Amino acid sequence: MAMEPIAPIFIISGGAGALGKHIARVVLAQFPGKFPEVIIIPQVSNTEQLTEAVEQAAARRGIVIHTMVEPRLRALLIEKAREHQLVALDTIGDPLAQVAAVFGQAPLGQPGLYQGQENVYLERIKAIEYTVDHDDGRNPHELDQADVVLTGVSRVGKTPLSIYLSVLGWKVANVPLVQAVAPPPELFEIDRHRVVGLTIDVDMLMQHRRWRQQNMAGMGGRAYSDPEALYDEVEYARRIFRRGGFTSINVTNKPIEESADQVIALISRWFEHRLAVPALITRP
């Protein structure tokens, strides 16, 4: 006995169709053993495309899931589906109408807005991944991919500031400055305006280093927190900043938010095109 074919599912969308695909997966998970073909028809933006999409579904007696936010096209799709006697699931119309009634405001009716927000989120994740991969001087050959490069002596606060900025969407690398080790040549090859030197008062740096030693079984030896050695380190860092022409900020007793705002202001001053993505550079 031949099995009756399963009706395919057509997802008709003004955007990429991601929402419709997700809904189809959620629904189908409740019907084990049913594996219909799922066909996505994205970027439907005019009546001709919509009519063709509905006719394609009608030719195979498919089920339609549509996520059309443009009111005129959504109404036309519902009409066409009714003409062809197709099962059509309107995933946007009813929720929009109900939320609009609560807000007392008409929806924009513009496709792709959610996708834009999702892209911002993905870019933020990429920024965090880059920052983690380029912490503490790692992968210096990729410094040219950073939005910001922080540099300074150990325990000046490069890593926490880098992570904070990355959560705001900035790709940050940080490069430690150690007197016995030459900085990577790439630090002086990238645009100097992307490099920000971090300075700190010696007394505060000494507190940070001694706390670190207490919690790390005396790491670094006596010179790690010796005041005279710290003065030499801080002056060495200043020489590197002058050599590279890097702008520097003093982070002594500053909350991380204030230091981040300073870095953002410095970078934005030179690279104003970053302002085209305000969600990534504005602190909550």
Side-chain angles (χ1 to χ4, degrees), residues 1-103 105-130 132-133 145 166-167 169 171 276-277 279-280:
M1 181 177 176
M3 294 183 62
E4 186 176 345
I6 300 176
I9 294 177
F10 287 81
I11 296 167
I12 302 176
S13 173
L19 175 59
K21 185 176 182 180
H22 176 71
I23 291 171
R25 286 177 174 173
V26 171
V27 170
L28 291 174
Q30 301 300 316
F31 298 92
K34 300 295 184 181
F35 304 102
E37 183 181 2
V38 177
I39 301 163
I40 300 176
I41 305 178
Q43 308 300 333
V44 176
S45 59
N46 56 55
T47 58
E48 291 78 12
Q49 291 174 334
L50 188 143
T51 300
E52 182 179 342
V54 174
E55 289 176 351
Q56 184 178 342
R60 298 186 60 185
R61 304 311 302 166
I63 297 171
V64 173
I65 297 177
H66 58 97
T67 58
M68 304 297 297
V69 298
E70 204 281 318
R72 181 179 58 86
L73 290 178
R74 185 170 64 252
L76 179 61
L77 192 153
I78 294 171
E79 178 186 341
K80 293 287 186 182
R82 188 180 298 119
E83 289 177 2
H84 289 283
Q85 298 181 334
L86 294 176
V87 174
L89 308 181
D90 184 357
T91 63
I92 294 294
D94 289 342
L96 276 179
Q98 293 177 23
V99 173
V102 173
F103 288 169
Q105 177 180 336
L108 292 175
Q110 297 177 10
L113 296 183
Y114 172 77
Q115 186 68 32
Q117 293 177 355
E118 187 176 35
N119 288 341
V120 169
Y121 171 77
L122 292 175
E123 287 302 314
R124 196 169 301 211
I125 294 300
K126 290 179 182 178
I128 294 172
E129 290 175 344
Y130 176 90
V132 170
D133 289 341
Q145 300 175 20
S166 74
V167 172
K171 293 165 60 179
V277 197
L280 299 186

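These numbers were taken from a predicted model, which means no experiment stands behind them.
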Pairwise distance CG(Leu77) to NE2(His66) - rounded to 0.5 angstrom: 5.0 Å
Using the test side chain to side chain contact (heavy atoms under 4.5 Å, CB included), find all partners of Glu79 that sit at least two apart in sequence or belong to another chain. Leu76, Glu83
For residues 50-64, tabulate all N or O donor-acceptor pairs below 3.5 Å that involve a side-chain atom, not counting sequence neighbours.
from  : atom 1 : to    : atom 2 : distance (Å)
Thr51 : OG1    : Thr47 : O      : 2.9
Arg60 : NH1    : Glu37 : OE1    : 3.2
Arg60 : NH2    : Glu37 : OE1    : 3.0
Arg61 : NH1    : His84 : O      : 3.0
Arg61 : NH2    : His84 : O      : 3.0
Arg61 : NH2    : Gln85 : O      : 2.9

Could you tell me the separation between the CG atom of Asn46 and the CD atom of Glu70, rounded to the nearest 0.5 Å? 10.5 Å
Shortest non-hydrogen separation from Val44 to Leu73 and the atoms involved: O-CD1, 4.0 Å
In residues 6-20, what donor-acceptor pairs under 3.5 Å come from side-chain atoms, sequence neighbours left out?
from  : atom 1 : to    : atom 2 : distance (Å)
Ser13 : OG     : Gly15 : N      : 2.9
Ser13 : OG     : Gly17 : N      : 3.4
Ser13 : OG     : Thr67 : OG1    : 3.1

Partner residues of Ala127 under the side chain to side chain contact (heavy atoms under 4.5 Å, CB included) criterion, sequence neighbours left out: Lys171
